[in-house]
Amino acid sequence: MPELPEVETIVRGLQKSGLVGKAICDVQVRWPRTVSHMAADPFAQRLRGRTITRFSRRAKYIIAHLDNGSCLLIHLRMTGQFHIEKEGTAADTHDQVVLAFEGGRQLHFHDTRKFGRFELVTAQAAELPHLGPEPLAKAFTPAALQACLQKHRRIIKPVLLDQSVVAGIGNIYADESLWAAGIHPKRRADSLTPAEILRLHHAIRQVLTRAIRRGGTSLGNGATNFYSVTGRRGRNRDALKVFRRDGEPCPRCGGTIQRLVVAQRGTHICPHCQPLQP
DNA sequence: AAGAATGTTACATG
DNA sequence: ACATGTAACATTCT
């Protein structure tokens, strides 16, 4: 489900939820493997009594900053969602973790596929230094992108998806950015010209910024789709130009959008706008 | 009703 | 050391 814009949308929702500053009075872990590197019991014990001072985002991680200086790192993986419920609300089948806050409200972590992860870490570890730069940070200049890409002889799409190269891009926004920049996903990362790098840099930032502005991308109608903390769907699907639009006309040239598989991921391109041979 | 799915990681193979 | 491929996680959606 969630890439950078969806995680950002959720973090903003959590930050505005009214839970910041309230103490966590109860922790229920219903699927113990949701908690990384620790058993559920000590995890619950260490979290109980803590207060979340703020929520932030790094890459596709949600960071809940705690009043004792440590951080709760949360990754939604494919189907993780957060819902805020009133006191006494029973956990849904797919609610894997429930945090009860003073004042009575509860934060339910709903995760159908159970891939999502919670981990207690130090503030330093929460900076996730092994991940690449934030694509929306000021420091992420075209030169920075060029430096990222030059190191890799791989094809461009899996490089964009590699979180240690650039942080936060997933399958939707990789396809959308490559289309916007007119670059074929199978081009070698180190073969892009300076003009192409400039276009790709602009495309990544524009595509991600627009998606955040539109509250993320919700694709189908299923319950495993992306929903914000307030239960709203993202409005970015209408802004997608190629992702899951195979067979439809390219909005730029009218050619037919194609689906192919690149690096084991479904990939969508306009063959005319994104030629393999430049 | 089979195949794919917005993600990550460990392990195997070239 | 590097690149690429496969499986695993677990369930639902198309």
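The basis for the numbers below is simple: all heavy atoms, side chains too, and nothing from hydrogens, waters or symmetry mates. Convention: sequence-line order gives letters A, B, ...; per-chain numbering from 1.
The CG atom of A:L161 sits 14 Å away from the P atom of C:dG5 (whole-angstrom rounding). To the nearest angstrom, C1' of B:dG7 lies 10 Å from OH of A:Y61. Rounded to an integer number of Å, the gap from A:L73 CG to B:dT8 P is 12 Å. Rounded to whole Å, the distance from CZ on A:R58 to P on B:dG7 is 17 Å. A:Q264 has its CD atom 10 Å from the P atom of C:dT4, to the nearest Å. Rounded to an integer number of Å, the gap from A:M78 CE to B:dT9 C1' is 14 Å. In this structure, the NE2 atom of A:H152 is 13 Å from the C1' atom of C:dA1, given to the nearest Å. B:dT8 atom P lies 14 Å from atom CD of A:E119, rounded to whole Å.
Within 4.0 Å of A:F243, counting heavy atoms only, lie sugar-phosphate atoms of the nucleic acid but no base atom. Counting any heavy atom pair closer than 4.0 Å across all strands shown, A:G216 reaches no nucleic acid atom.
An OP1 or OP2 oxygen of B:dG7 is reached within less than 4.0 angstrom by no side-chain nitrogen or oxygen of A:H75. Within the structure, every side-chain polar atom (N or O) of A:R259 is placed at least 4.0 Å from both OP1 and OP2 of B:dG3. At the phosphate of B:dT8, OP1 or OP2 sits under 4.0 Å from a side-chain N or O atom of A:Q163.
Remark: side-chain polar atoms of A:R205 are paired, donor with acceptor, to backbone N or O of A:F140 under 3.5 angstrom. A donor-acceptor contact shorter than 3.5 Å links the side chain of A:N171 to the backbone of A:G266.
The aromatic rings of A:F118 and A:F82 are tilted relative to each other, their planes meeting at an angle between 30° and 60°. Using cut-offs of 30° and 60° for the angle between ring planes, the A:Y61 and A:H75 rings count as perpendicular.
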Whenever both distances are under 3.5 Å in a Watson-Crick or G-U wobble pair, mark it; put DNA chain B into dot-bracket that way, with [ ] for crossing pairs and | when the partner is on another strand.
.||||.||||||||
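A salt bridge links A:E134 with A:R58: the distance from a Lys NZ or Arg NE/NH1/NH2 to an Asp or Glu carboxylate oxygen falls below 4.0 Å.
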How would nucleotides 9-14 of chain C be written as a contact map, 5' to 3', with B for base contact, S for sugar-phosphate-only contact and - for no contact, using protein heavy atoms under 4.0 Å?
BBBSSS
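Taking the P atom of each, C:dA10 and B:dA1 are spaced 25 Å apart, rounded to whole Å.
Under a hydrophobic clustering in which Ile, Leu, Val, Met, Phe, Trp and Tyr are joined whenever their side-chain heavy atoms come within less than 4.5 Å, directly or via other members, A:V262 and A:L160 fall into different clusters.
Side-chain contact of A:D67 with A:T53: a donor-acceptor pair under 3.5 Å is absent, judged by distance alone. A:R233 and A:Y227 form a side-chain donor-acceptor contact under 3.5 Å, judged by distance and modelled atom types alone.
Residue pairs meeting the salt bridge (Lys or Arg N to Asp or Glu O under 4.0 Å) criterion with at least one partner in residues 152-163 of chain A, sequence neighbours excluded, are A:R154-A:D162, A:K157-A:D175.
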